[in-house]
Amino acid sequence: MSDNTSASNSDAAKGGSLAKTYQPADIEQPRYQEWESKGYFAPRGDGDPFCVMIPPPNVTGYLHMGHGFQESIMDCLIRYHRMKGDQTLWQVGTDHAGIATQMVVERLLGAEGKTRHDLGREKFIEKVWEWKEHSGGQITRQLRRLGASPDWSTERFTMDEGFYEAVQEVFIRLYEDDLIYRGKRLVNWDPALKTAVSDLEVISEEEDGKLWHLRYPLSEADGGPERYLIVATTRPETMLGDTAVAVNPNDERYQDLIGKTITLPMVGREIPIIADDYVDPEFGTGCVKITPAHDFNDYEMGQRHSLPMINIFDDTAHLNDQVPEKYQSMERFAARKQLVEDFEAAGLLEKIEPHKLKVPRGDRSGVVIEPYLTDQWYVRTQPLADEAIKTVEGGDIQFVPKQYENMYFSWMRDIQDWCISRQLWWGHRIPAWYDADGKVYVGKSEADVRAKHNLGGDITLSQDEDVLDTWFSSGLWTFGTLGWPEETERLKTFHPTSVLVTGFDIIFFWVARMIMLTLYFRKEVPFKTVYVHGLVRDSHGQKMSKSKGNVLDPIDLIDGIELPPLLEKRTAGMMQPQLKAKIEKQTKAEFEDGIAAYGTDALRFTYYSLASTGRDINFDVGRIEGFRNFCNKIWNAANYVLMNCEGKPCGENGESEYQLTLADRWIIARLQQTEAAVIEGIETYRFDLASQALYSFVWQEYCSWYLELCKPVLNSDDYSAEQKLGTRRTLVRVLETVLRLAHPFLPYVTEEIWQRVAPLAGASGETIMYAPYPQADASKADEQAIADIEWLKEVITTIRNIRGSMNISPATKLPVLCKGESTDDQQRLSANSQFLIKLANLESVTWLSAGDEIPPCATGLAGDMEILVPMAGLIDVTAEMARLDKEIGKLNNEIKRLSGKLGNDKFVANAPEAVVAKEREKLADYQTSLAKLNDQKAKISSLA
RNA sequence: GGGUGGUUAGCUCAGUUGGGAGAGCGACGGCCUUACAAGCCGUAGGUCACAGGUUCGACCCCUGUACCACCCACCA
C-alpha cells in the first residue's frame, strides 16, 4: 500500500494519471454517493418497462452472503436493462418481519429484566418502532456498499401507511369473498413465542428419542386391572389428555377389546377402546393412545369418533387445571419425567426403547412445537392455488431453472389452509372487531364497522388482538409497493414485474403466496420469470452458520478485516468454550492474516463467476483474490492505454484518416463475439458464462495479446501515422466498449476508468450507467483476421515453448528460420514479422528457400510450417531430443487413434461424410508433422 | 416412504444438437521483458462415481447401483 496513497487517487479524479495500483476503497464510496445524489437510479425514458422487486430483507437485519449474491444478480440485470434504454425500476424496501423483529426487541427488554407485558402493547410497539429507526438503516446501508442501484426515492416498508391500506383491503375482500375464515382447530403452537405459526415455520428434524411402552389397565367391569393393553408413545406426558385407545379393526389380537373401556392410569378417567384403520398393527404393540387435543392425527381421529378433546396445556406448554392436581403447572418435559416415574412405581411401565423420531421445532425459537387447540384466522387456499397452478402450467410464469416448477407444483397441489393470525404485537393488526357475544365484524376501522353493520354506541366493540403473518403482507409486495389499491401510473407501467430473483427456500413462504394473491387481486401475474438461486455455502459446501464459525460477512470481504476482530466476531456470544476454541483454531488456520480488502467489484465478480444453474454456491475466498487481480488488470490496461493515447489524436472526432492493422481488426472481431456471449449469458441467467467471457477477453485477448501487438505499431517507425492512429483509435474504443460491457458486473472500476477513457473514444455522457450497452455488430466479424492472428499466436507460442523447455533466457534474442510449402505461411510470415520479432523476442526471422543451407536446429511446428531455432551455443542436444520425443509421442498416439477409427468400415460407412473427411484430414496432417519431426530427430541425433 | 439436484484435474466449477476433455485457483520450472510481481512466459495433471445398454462413435442418450446434498410426507 506504501506508494498508492489515496492522495494519488484523488489526483486521478482531477485529471492526473490513474493511481498506479487499483485501490477499490478509494473509488467505490465516493462514486456511489455521486450516483445516488444525482438520482441516477430512478426510472427514466420511455423504453420498455423493466422491473425487479427486491425480496424485502428484514428491516433490522444485516447483510449476509446470500443477500450479497442475490443483490448482485439483481443489480447486474438492472444495470444491463438501464443501459439498454429500458425504463428500469428496481423497487427497494424492507420487511417488518413480525416474529424476528419482535424477538430482538423482547431480548433487549429481557436484558433490562423486563418483558413486553411490563410495557403493555402500545409502549412495546413504540419501542419496536424506535428500534427500527435505530438499526433499520443497517441493511440498506450495506446494500449501498454492494453498489446496488435501486430507486431509493420510492423505498417502501411492509408496515408503512400505504401497505396498511393494501393489507386491510386484501383482508376484507378475502373475508367477504369467503376466502378468509376464523375457526377453532389444532394449530402449530410455539410455546416460547406464545403464538401460532404456519406449517412452513415448523422444521421437523430426526432426533434421538425414546418409545415408552405403557400398560393401560382395562376397567374393572372389563376385567381390569389384571387385564391391560400396552400402548407405545413418544410423548408420555400427553397421556393426561387421552380420551381413547385405538386398535386396527382387523387386528385379531384385540377383536374382543373393541368397545370395552380403559381406566386411564394417574387420572382415573374411563376411556373407550376404538377401532380405526389409521392404526398400523405392525408398529409397536398395535395399540395407540389417542390425545385429540395434542396431536394432529389424534385430532382427526377424535373428530371421526366424536371423542372429547381435553386441552391439558396452557400457552407456555405447562400443564393446566384439566389434569390431576399433582401435575398442574408442571412444565411438559418435567411432567414427562414425573409420569414415567409414576408409571414405573405403579408397575405400569412395560419397557423403554430407543427410538428415532421427527421432532417438530419452531424455525425461530427452536423449541418443540405443540399442537394446540385455539381460535385462529385462515386463508382458504385451495381456490387460489388452483389458479396459481394453472398459471405456471400455462407458462405465464417461468421458473429458472425449470425443475423448481416441480417443487412448486407438488406443494401447491397438496396445499393446506394457511393460518395467518399470530399472537404477536408487532405486525398488521387484524381488521376485525367483536361484540360482547363474540360476533365478528370485519372492516377498515371500528367506525367503518359500526356504520356498515348499523351498530349503535351502546354496543361495545373490541378489536381482534392478533396480527397477521408477515408473509401475508409480503405476499402483496409486487403491487403493494407500486401504489395499489390505487391504480397508479407506476402500477400500470411496471406491473407485472419482469423477474423475481430469490432463493428456493422461500418459494413456498413467499413466491407461491405472491402468485396466489396477485392473481386474485390483479388478475395478472406478479412477475414473468422467477430466477431461483441456490444457497451460498462455505468453500467446503458447508452451510454458513454461527455455530460452525464459518460465516463470512460480505462487508468484511469488501473492506477487509484483521484476524483479532474476525475472531471476536465469530465467537461473540458463544456459550460453549469448547466450540469457541475450535472456531478460533479453524479461523486462524484459514485466515492467518485476516481478510484482505478486495472491494465490491471483486466480490460481485466472484458471485457472478459462481452463479451457474441453480445449484448451491460454494464460496471460496481464494477466488475473490483472483477477481480483485482482474480489476487491477483492467486498471493497469487502462493506465497503459491512457499513457499512449491521452494528448494524442485517437480518431475521437472522426476527421482523420486512419488505417487498421491486422491486430486491430482481430480484436474488434473478437469483441463482437464477446459482446454476443456476455449478452447471451445475462439473458439466460448464466452469469458464470457471461463473467467468464468478459474475464478471458479482457485478460487473455485484450491484455496478453492485443496490448502486446500494439507495442510494435506504436513504438516503431515502420508503421505509418495512419496505422498508429488506427491502433490508438482501436485501443481506446475497444477499452471503452468493454467497460460498458462489464459495467453491470463491475460498476465502480468501469465507471472510474470510463470517465477518463470515454472522451478519447468519442463517447459522451455524464455516467457510464446511461451509456448504451454494447451490441455485437455482424459487419465487424472478421474471420480472416481471427484466423491470421490464431496462426500468429501459434507460431509465437511454439517459439516460446522451445525457449521455455530449452531454458533459454527470455532476454536472449533468437534468430528463427521458417520452412514450409504453403505460400499462405510465407505471406503471413512476411506480413507479421514485426509482431513476431517483438512478441517472441527475435533477432531475426528468415523464410528458407529450397536448397538453403540449414544449421542444426531445435524444431517446432505451426500447422505445416517448420519453425527452426539454430542450436549453436543455445540448445542442448539431449534436451532437444527429449522434447522432440515428447512431441512425436503425442503425434503417434493421435495417429494410432485416428487410423483405428478410419480403419473401422462401420465408422466410414455410417458417420456423416463431413466427420469422416475431417478425420482423414487430421490424420494426414499428423502424418506430415510426424515425418518432419522424425527428420529433425535424425539430423540432431547425428550430432550427439 | 415419495421427489429433485449432484458425482469431470489437488480445490471450486464449466462442458451448448453424441464426433479431438476446458477454466480459475493451486503445483512445478523460468523471468523485476519500459501497463501490471495483484505481473509475464512455459509445463505437468483427468478410467468424466460404478455397472450394463443404445450407437460406427457416449462426459453427453437409456436402465440400474453406490455415495453426497436438499425438498415433501400423519406412523404412535
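The figures here come from the full heavy-atom set of this structure, side chains too, leaving out hydrogens, waters and symmetry mates. A note on names: the letters A, B, ... follow the listed sequences, proteins ahead of strands, and every chain is numbered from 1.
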For a quick check of understanding: with a heavy-atom distance under 4.0 Å over all strands, which category does [X] fall into, base, sugar-phosphate or nothing?
{"X": "A:V231", "result": "nothing"}
{"X": "A:K886", "result": "sugar-phosphate"}
{"X": "A:F296", "result": "nothing"}
{"X": "A:Y404", "result": "nothing"}
{"X": "A:P401", "result": "nothing"}
{"X": "A:A811", "result": "nothing"}
{"X": "A:C631", "result": "nothing"}
{"X": "A:W699", "result": "sugar-phosphate"}
{"X": "A:N904", "result": "sugar-phosphate"}
{"X": "A:A909", "result": "nothing"}

Does [X] [atom1] have over 12 foreign heavy atoms under 6.0 Å away?
{"X": "A:E206", "atom1": "CD", "value": "yes"}
{"X": "A:E843", "atom1": "CD", "value": "yes"}
{"X": "A:K793", "atom1": "NZ", "value": "yes"}

Just to confirm, is there a sub-4.0 Å distance from OP1 or OP2 of [N] to any side-chain nitrogen or oxygen of [X]?
{"X": "A:N632", "N": "B:A38", "result": "no"}
{"X": "A:K633", "N": "B:C40", "result": "yes"}
{"X": "A:N639", "N": "B:C36", "result": "no"}
{"X": "A:H355", "N": "B:A76", "result": "yes"}
{"X": "A:N910", "N": "B:G57", "result": "no"}
{"X": "A:K711", "N": "B:A35", "result": "yes"}

Taking atom [atom2] of [N] as reference, at what distance in whole Å does atom [atom1] of [X] sit?
{"X": "A:I808", "N": "B:C31", "atom1": "CD1", "atom2": "P", "result": "13 Å"}
{"X": "A:D199", "N": "B:C71", "atom1": "CG", "atom2": "C1'", "result": "15 Å"}
{"X": "A:E921", "N": "B:G19", "atom1": "CD", "atom2": "P", "result": "18 Å"}
{"X": "A:F627", "N": "B:G24", "atom1": "CZ", "atom2": "P", "result": "10 Å"}
{"X": "A:M407", "N": "B:A73", "atom1": "CE", "atom2": "P", "result": "11 Å"}
{"X": "A:N801", "N": "B:G30", "atom1": "CG", "atom2": "C1'", "result": "13 Å"}
{"X": "A:E353", "N": "B:C75", "atom1": "CD", "atom2": "C1'", "result": "15 Å"}
{"X": "A:E919", "N": "B:G19", "atom1": "CD", "atom2": "P", "result": "11 Å"}

Does [N] have a Watson-Crick or wobble partner in any strand here, with both distances under 3.5 angstrom, and which is it?
{"N": "B:G24", "result": "B:C11"}
{"N": "B:C75", "result": "none"}
{"N": "B:G52", "result": "B:C62"}
{"N": "B:G46", "result": "none"}
{"N": "B:U33", "result": "none"}
{"N": "B:C67", "result": "B:G6"}

Completion exercise
Counting primed atoms, P, OP1 and OP2 as sugar-phosphate and everything else as base, the B/S/- map of nucleotides 5-16 of chain B against protein heavy atoms under 4.0 Å is SS-----BSSS-
Practice task
Could you tell me if the ring centre of A:F627 sits under 6.0 Å from that of A:F605?
Solution key: yes
Handout entry: Between A:Y607 and A:F619, ring centroids under 6.0 Å
Key = yes
Problem - Cationic N near anionic O, under 4.0 Å, A:E921 to A:K918 - result: no
Problem - 5'-most by nearest nucleotide on RNA chain B - A:G626 or A:F630 - result: A:G626
Exercise for the section: Assign each of A:K906 and A:Q700 to its nearest nucleotide of RNA chain B by heavy atoms, then name whichever residue's nucleotide is nearer the 5' end. Expected result: A:Q700
Practice task
Heavy atoms only: give me the nearest A:K289-A:T238 pair and the separation to one decimal.
Solution key: NZ-OG1, 2.6 Å
Handout entry: Matching residue for A:Y695 among A:F630, A:F687, A:Y702 - test: ring-ring contact (aromatic ring centres under 6.0 Å, His included)
Key = A:F630
Within the sub-3.5 Å range, which N or O atoms of nucleotides 1-3 of chain B have a protein N or O partner, and how far apart are they?
none

Exercise for the section: Evaluate the criterion salt bridge (Lys or Arg N to Asp or Glu O under 4.0 Å) for residue pair A:E919 and A:K922; output intermediate values, then yes/no. Expected result: CA-CA 5 Å; A:E919 300 292 274; A:K922 277 194 293 190; 2.8 Å; yes
Handout entry: Nearest listed nucleotide, side chain of A:Y278, among B:C41, B:C75, B:C71
Key = B:C75
Problem - A:Y216 and A:D242: side chain donor to acceptor below 3.5 Å - result: yes
Problem - Pairwise P distance for B:C62 and B:A73, with rounding to whole Å - result: 29 Å
Practice task
Assign the ring pair A:F283 / A:H355 to parallel, tilted or perpendicular, where the plane angle (0 to 90°) is split at 30° and 60°.
Solution key: perpendicular
Problem - 4.5 Å side-chain heavy-atom contact, A:L839 and A:L709 - result: yes
